[in-house]
Each structure stands twice: as structure tokens, then as C-alpha cells.
Asks: 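Quick one: the structure is below, and I'll ask about it shortly.
Side chains are part of it too, since the values below use all heavy atoms of this structure and drop only hydrogens, waters and symmetry mates. Lettering follows sequence order; numbering is per chain, from 1.
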Protein chains: 2
Amino acid sequence: MTDAEPRWLSDEDQHVWRQIIAVINMLPARLERELQRTHGLSLHDYQILVQISEHPRQEVRLSDLAEATQQSKSRLSHQMTRMENAGLVARRNCPTDRRGAYAVLTEEGWDALRAAAPTHVESVREHLMDVMTPAQKQVVGEAFGAVAAKLRPAARATVCPSTEEC
Amino acid sequence: MTDAEPRWLSDEDQHVWRQIIAVINMLPARLERELQRTHGLSLHDYQILVQISEHPRQEVRLSDLAEATQQSKSRLSHQMTRMENAGLVARRNCPTDRRGAYAVLTEEGWDALRAAAPTHVESVREHLMDVMTPAQKQVVGEAFGAVAAKLRPAARATVCPSTEEC
DNA sequence: AAAGGGTCATTCAAGTTTCAACTAACTCCG
DNA sequence: CGGAGTTAGTTGAAACTTGAATGACCCTTT
């Protein structure tokens, strides 16, 4: 911002902020393009495969999956349908709660994940991890850890500001 | 990742990576919600208003604007139409190149920007800048500066790898 | 001055995401 | 039991994004 509008952040802060925006804008797009090109998967697809694979019995309740991947249930539902059509995942109904469903990986889904993972990791290294020094990574990890913690839903606490009578 | 798939990143790197993803996933969403709630603007709207306001004569060629805001011309074109309908911006045709067009702010656009800026800056402070120590900000700025630089289109250099005869 | 090859911006069609219902099933409590 | 209130997940339409195709124009070359 120049002087055309209210003062903002200090010059230093502003510089930092711009770098962060730039990375936020470009990094996911780049990772997505590479994943798409090499394995025909979107970043969303990939994240879902990873999440399912990481769960104890390789099955996840859809709600949990939605929360873990930070998206609405609706969006996940559409996405699951697409991935189901692509043969990557399947839905299984939950024996203990008949409303519920599990997302599971198909053989093909496992194969896709195993194939894509090394490439994706390579991208992450190339564009991010290998660009930072170990010392920088350490600090970034701490700083972003704090930022992420503050952004998270925050169980209780902030829900009732002190002015409310709850 | 557990042991179910190929080794990844070191534990430390992985931790850092997760924090970064978390921020990338949550921060823009949060800023958007707050901007939307307080001033009815999307983050895209806001970034466009800012970009136009920052240019010398408060008019920007659409191509430049597309590049500056990291989006396709197509997307920008649609977005401009929406913002034009909302009364925030206008298109003016370029006198020297009859293919081209400038994006300019309307009075209403200026008002919206002036009104939204302080709130938005406050959000950025609250969720990001004030959560990091000055030392952390410094390091993050440097590290992300390097990452962003490497992600950028890279004028020339990488276009002709040394093996080519150009 | 006409041809060829570029660029600027919009449009189209296809895909994705959002939003607001909606159904079905579960829980709780009188 | 039985009905109010919740929760899980789906649906369909509208809004948005994307990439390719298009149209209009500019620039160099011959």
C-alpha cells in the first residue's frame, strides 16, 4: 500500500506478509499441477487418499474425513462420488450407525497413492523444504505451529466472549 | 504417514510441512470470512481493489492485473464483470491499444477499500503477525522470500536448460 | 500493403464448489 | 412408547473456476 490508504503494517511486517501471500497463492497451485501431470490426481484427491490410508483400519467416517480435510460435508460428498466413479475409493455403510458411512480405499486407490506419494514428496522437497535451511525450517515450524493453533476451531474459549452471559 | 507408504520427509520436516499446510488451509478461509462478514467483500475482490489502488494512475491493464493477482485472464474477466455489476470497478478502454482495457475503481470501490482495509489489516495482525515474534517474522520473511522466488515463473534462466543450444 | 504471427480480452463448455433444503436415523426425556 | 431435537450424509441448483477456442487488434516482414 502506498499513502493512498490508511497505514497498514510496518514495512517489515508488510514485506513478510507479502511473501507469505505469495507462497500461499503459488505453492498449492504448483503442487497440484505436478501431481495432476504425473498421476492425474488433484491435491484434494491426494489428501483424501492420504487421510484414509492413515486411519487405523483404513476406513474413515465421512464426517471425520470432512473435518480432517477442512471441507464441507457437501463438498466431500460430491468429491467422494467423483473418486468413487474413478475407482479410487468406495463407501461402506457403518454397521453401528445406519446413517453413517465409511470411506475406504480400493486396490486401485492404494496403487494410486503409492505411486503418487514419492513424486509428491519430491515436489514438496523441491519447492519448499530444500529451499529453506534447517534453521529456517525450525523457526518456520514453530511460528506456523503457533499460527495454526490459534486458527483452529478453538474448543470453547473464544465461543463465548466475556460480554455474553453464558 | 505411517509405515504404510514410502518414506517421506524426516520427522522434523514433516512436522514443519504439516504446520504450513494447516496455515495455508485455514488462514485465507478465516480472512475471507471476516472480510465477508464485515464488508461483504471476498478476498479476491479485496486484492483486486488493492492492486488497482496501488497503481500509479489508479488504472491497470487487465493482463497486468491478472498477473499481479495470480489468476487466469478468464477468471479475472468473470470477476471484473461481477465487481462491475456490484459497482466496485469499471472498465475503460485503452486509447493506445484498442484491444486492451483498464480496470479502474469507482467511487464506491474506493469507499469499499477504505472501509475494508483497516478491518482486514486487523485480521492479518490478529491471526498472523501478532502471533509471531519479531525474530520469527524476520526468519519467516527470508525463508518464504526464497520459496516464493523459486516458485515464480522465473524469467528466462530455467527456460533453456544448459543442454539446449539456445 | 498484405501476410503471418503474436497479444488482449472475452466467451464457451465442462468441471467444481457452495448453499440451502432434504431424508433417514439416532438420542433423549417425559 | 413417542415425539422433539440432533446428527450423518445426500441432493440439486446456482455460483464460480478453468482451459480451449474465438475475435479483434497490433507489429514486423517482405
Side-chain angles (χ1 to χ4, degrees), chain A residues 24-26 28-37 40-48 51-52 55 59-86 88-104 153, chain B residues 25-26 28-30 32-33 35-37 40-48 51-52 55 59-86 88-104 153 159:
Chain A
I24 287 180
N25 282 339
M26 293 188 291
R30 178 69 63 92
L31 296 177
E32 164 108 27
R33 271 204 305 284
E34 300 192 346
L35 242 192
Q36 193 70 254
R37 182 170 53 72
L41 292 176
S42 75
L43 222 41
H44 286 315
D45 294 337
Y46 182 79
Q47 288 190 15
I48 287 182
Q51 286 295 331
I52 301 177
H55 267 253
E59 58 181 26
V60 196
R61 283 295 289 271
L62 294 185
S63 294
D64 297 344
L65 189 50
E67 188 176 0
T69 57
Q70 298 275 331
Q71 56 191 330
S72 68
K73 287 154 163 244
S74 168
R75 179 177 173 183
L76 177 64
S77 183
H78 287 298
Q79 172 119 23
M80 280 292 295
T81 306
R82 271 174 259 138
M83 291 179 73
E84 209 167 11
N85 291 338
L88 297 169
V89 300
R91 284 180 236 240
R92 292 158 80 92
N93 33 18
C94 172
T96 66
D97 183 341
R98 279 192 301 153
R99 289 168 307 180
Y102 287 110
V104 300
Chain B
N25 282 339
M26 294 188 289
R30 178 69 63 93
E32 165 108 27
R33 269 203 307 282
L35 200 53
Q36 193 70 253
R37 181 170 53 74
L41 292 175
S42 75
L43 223 40
H44 287 313
D45 294 338
Y46 183 80
Q47 288 190 15
I48 287 182
Q51 286 295 331
I52 301 177
H55 267 251
E59 57 183 26
V60 197
R61 285 294 289 271
L62 293 185
S63 293
D64 297 344
L65 189 51
E67 189 175 0
T69 56
Q70 297 276 334
Q71 56 191 333
S72 69
K73 287 154 162 246
S74 169
R75 180 177 172 183
L76 177 64
S77 186
H78 288 297
Q79 174 117 22
M80 280 293 295
T81 306
R82 269 173 262 140
M83 291 179 73
E84 208 166 11
N85 291 338
L88 297 169
V89 300
R91 285 180 236 240
R92 295 158 78 92
N93 34 18
C94 172
T96 66
D97 183 341
R98 280 192 299 153
R99 291 167 305 181
Y102 287 109
V104 301
V159 178

Asks: Ignoring hydrogens and angles, does a donor from either the side chain of A/S77 or the base of D/dG9 sit under 3.5 Å from an acceptor on the other?
Replies: no

Asks: Rounded to whole angstrom units, what separation is found between the CG atom of A/L43 and the P atom of C/dT16?
Replies: 14 Å

Asks: Is it the case that the side chains of B/Q51 and B/D64 hold a donor-acceptor pair, with the cut-off being a distance below 3.5 Å and no angle test?
Replies: no

Asks: Any idea which heavy atoms bring B/V60 and B/L65 closest together, and the distance?
Replies: CG1-N, 3.9 Å

Asks: If you go through the side-chain atoms of B/S74, does one of them form a donor-acceptor pair with the base of C/dT10 closer than 3.5 Å?
Replies: no

Asks: Under 4.0 Å between a side-chain N or O of B/S63 and OP1 or OP2 of C/dA9?
Replies: yes

Asks: When the distance from CG of A/N93 to P of D/dG9 is rounded to whole Å, what number comes out?
Replies: 11 Å

Asks: When the distance from CE of A/M83 to P of C/dG15 is rounded to whole Å, what number comes out?
Replies: 17 Å

Asks: Closest approach of B/P28 and A/I24, non-hydrogen atoms and distance?
Replies: CG-CG2, 3.8 Å

Asks: Between A/Q71 and A/I48, is there a side-chain heavy-atom distance shorter than 4.5 Å?
Replies: yes

Asks: Check whether any side-chain nitrogen or oxygen of B/R91 sits under 4.0 Å from OP1 or OP2 of C/dA9, and answer yes or no.
Replies: no

Asks: Could you go through the side-chain hydrogen bond (donor to acceptor under 3.5 Å, both in side chains) check for A/R82 and A/S42 one step at a time?
Replies: CA-CA 12 Å; A/R82 271 174 259 138; A/S42 75; over 6 Å; no

Asks: Please figure out whether B/H78 or A/Q79 has its closest DNA chain C nucleotide nearer the 5' end.
Replies: B/H78

Asks: Tell me the closest heavy-atom pair linking A/L62 and A/A103, and the distance in Å.
Replies: CD2-CB, 3.7 Å

Asks: Grab the two heavy atoms, one from B/C94 and one from B/R61, that are nearest each other, plus how far apart they are.
Replies: SG-NH1, 3.5 Å

Asks: Could you tell me the separation between the CZ atom of A/R92 and the C1' atom of D/dG9, rounded to a whole number of Å?
Replies: 18 Å

Asks: Provide, to the nearest angstrom, the distance between the CE atom belonging to A/M80 and the C1' atom belonging to D/dT11.
Replies: 16 Å

Asks: Would you indicate, yes or no, if C/dT16 has its OP1 or OP2 atom less than 4.0 angstrom from a side-chain nitrogen or oxygen of A/R82?
Replies: yes

Asks: Expressed as a whole number of angstroms, how long is the span from A/N25:CG to D/dT17:P?
Replies: 13 Å

Asks: Quick test: give all pairs of protein nitrogen or oxygen and nucleotides 21-29 of chain C nitrogen or oxygen below 3.5 Å, distance rounded to 0.1 Å.
Replies:
residue, atom, partner, partner atom, Å
C/dC26, OP1, A/R98, N, 2.8

Asks: Give the rounded distance in Å between these two atoms: CG of A/L76 and C1' of D/dT7.
Replies: 16 Å

Asks: Roughly, in whole Å, what's the span from CD in A/E32 to C1' in D/dT18?
Replies: 11 Å

